[in-house]
Amino acid sequence: MQPWFTDAKLGIFVHWGIYAVDGVQESWSFYDDIVPHDQYMSQLDRFTGAKYDPHAWAKLFARAGAKYAVLTSRHHDGVALWDTAYGDLNLGRDHITGYADALREEGLKVGLYYSHSDWNHPDYATTRKPGRPPEMEDNRYSECSAEDEDLDAWERFIAYRDGQIRELASRYRPDLMWFDGEWDRSEEQWRIPELAALIRSYSPDVVFNARMLSEGDYATPEQGAPIEPPTGPWELCLTINDSWGFQHNDHNHKSLSQLISYFTETIGGGGNLLLDVGPMEDGTIPQPQVERLEGLGDWIAGHADAVYGTVRGLPAGHHYGPSTLSADRRTLYLTLYDIPRAEIGVRGLVTPVRKVTVLGTGTELSHRVVGGLHEAVGVLWIAPPTAADLDPHATVLAVELDGELDLYRGSGRF
């Protein structure tokens, strides 16, 4: 795992493809027969990208506080965002070079999404996942019956896949490859180790998500925030509204306060938030999404010490809210969502506290320890901040410790 990833905290996911023309669900809409296949594919000729400005994207992502972004180079529909020489489904022009160059100019790491699956390739639905019950209905876009398997056709598909991956890896030298669609086949069918070696031959330090199976570097929970965070590196991918790509009728955007809550809970559990935007077909990001990214960036800028250079915070039960810990383990950052009505309690804190301040204003708050018996330490009580020190979305308290964090996790004296 590359250190830049675990300290990034925020990335931006970009789902952009022909599905934005009619505002339908990406790939799945034809796969599930919601939209006729011909109608879905007719969007290819109507996709313009007329106002696509990758520099504007990169500057917005940087203002949001993100340290990397991930763009859908090719979704399950097989339509490539670059001028690939493999297959006949691409936009006839390269939309990735400008994206990669703009991100790097802003100091952001370059991520590319690529789907293992390609439901439009003529050689894709020529085999099936081993162990799949024969009585299960086959989807004509993704698999065939056992008696109709064509292993030569599957070899042609792998050659096509490898050709596209070689183009992406050699041209753009991605810092991160975000794979998807792994459920359709086995690791052996995908030839995961060989695929990883191919990419690493161009980008030796590339990071893979868990959908590269045995070669994955970090867990990738999707949409649902984990109640118990994964133990290793991880990332929550989350939409701003309910859709990954642009959909005309989806106005159910999460509020800025909700997004800050998702973000602080995620980094408090040691993860990154990969927050998705869905540009319109002309390449412009919808204004409600722009506003939320900028609002999140403003909050992060005012609380940067509690974000960057931190590790996962207190386990559940010590503080009623998320927290992070400085890399030297000597400053604990407590997040408060609500206006405190009384003192703020922190349980099980063995290390003495030197000072408590409100992050952003510097106001010092009084504190005291009450109770405790033998090894079971007392509760740290912190005086609540005044209204003038409260952030409208989430207030952060910096607890400076007299040494590295040490916690009591026992059950007390019986």
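Only heavy atoms go into these numbers, but all of them, side chains included; no hydrogens, no water, no symmetry mates.
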Return all side-chain donor-acceptor pairs below 3.5 angstrom for residues 399-407, not counting sequence neighbours, or 'none' if the list is empty.
none

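- Under the rule for a salt bridge (charged side-chain N to carboxylate O under 4.0 Å, His left out), Arg354 has no partner lying at least two apart in sequence or in another chain.
- Thr284 and Asp282 share a donor-acceptor pair across their side chains, judged by distance under 3.5 Å alone.
- Around atom OH of Tyr262, no more than 12 heavy atoms belonging to other residues, nucleotides or ligands sit under 6.0 Å away.
- Taking a cutoff of 4.0 Å between a charged side-chain nitrogen and a carboxylate oxygen, Asp53 and Lys59 do not qualify as a salt bridge.
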Practice problem: Report the C-alpha separation of Glu343 and Arg368 in whole Å, then their side-chain angles, then the decisive distance to 0.1 Å, and conclude whether the salt bridge (Lys or Arg N to Asp or Glu O under 4.0 Å) test is met. | Solution: CA-CA 10 Å; Glu343 291 176 299; Arg368 62 196 176 108; 3.1 Å; yes
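- By the 4.0 Å N-to-carboxylate-O rule, Asp175 lies too far from Lys67 to be salt-bridged with it.
- Val207 approaches Gln2 most closely through the heavy-atom pair CG2-CG, 3.7 Å.
- Ring orientation note: the planes of Tyr113 and Trp178 are close to parallel, at an angle under 30° on the 30°/60° scale.
- Note on ring orientation: taking the six-membered ring where Trp is involved, the planes of Trp190 and Phe157 are tilted (angle from 30° to 60°).
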| field | Intermediate values then yes/no, salt bridge (Lys or Arg N to Asp or Glu O under 4.0 Å), Arg161 and Asp118 | value | CA-CA 9 Å; Arg161 188 275 313 270; Asp118 185 340; over 6 Å; no
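- Annotation: cation-pi geometry not satisfied between Arg200 and Phe208 (NZ/CZ under 6.0 angstrom from ring centroid, within 45° of ring axis).
- With sequence neighbours excluded, the residues that form a side chain to side chain donor-acceptor pair (under 3.5 Å) with Ser142 are Tyr31.
- Ring-plane geometry between His253 and His251 is classed as tilted, the angle between the planes lying from 30 to 60 degrees on a 0 to 90 degree scale.
- Around atom OH of Tyr320, no more than 12 heavy atoms belonging to other residues, nucleotides or ligands sit under 6.0 Å away.
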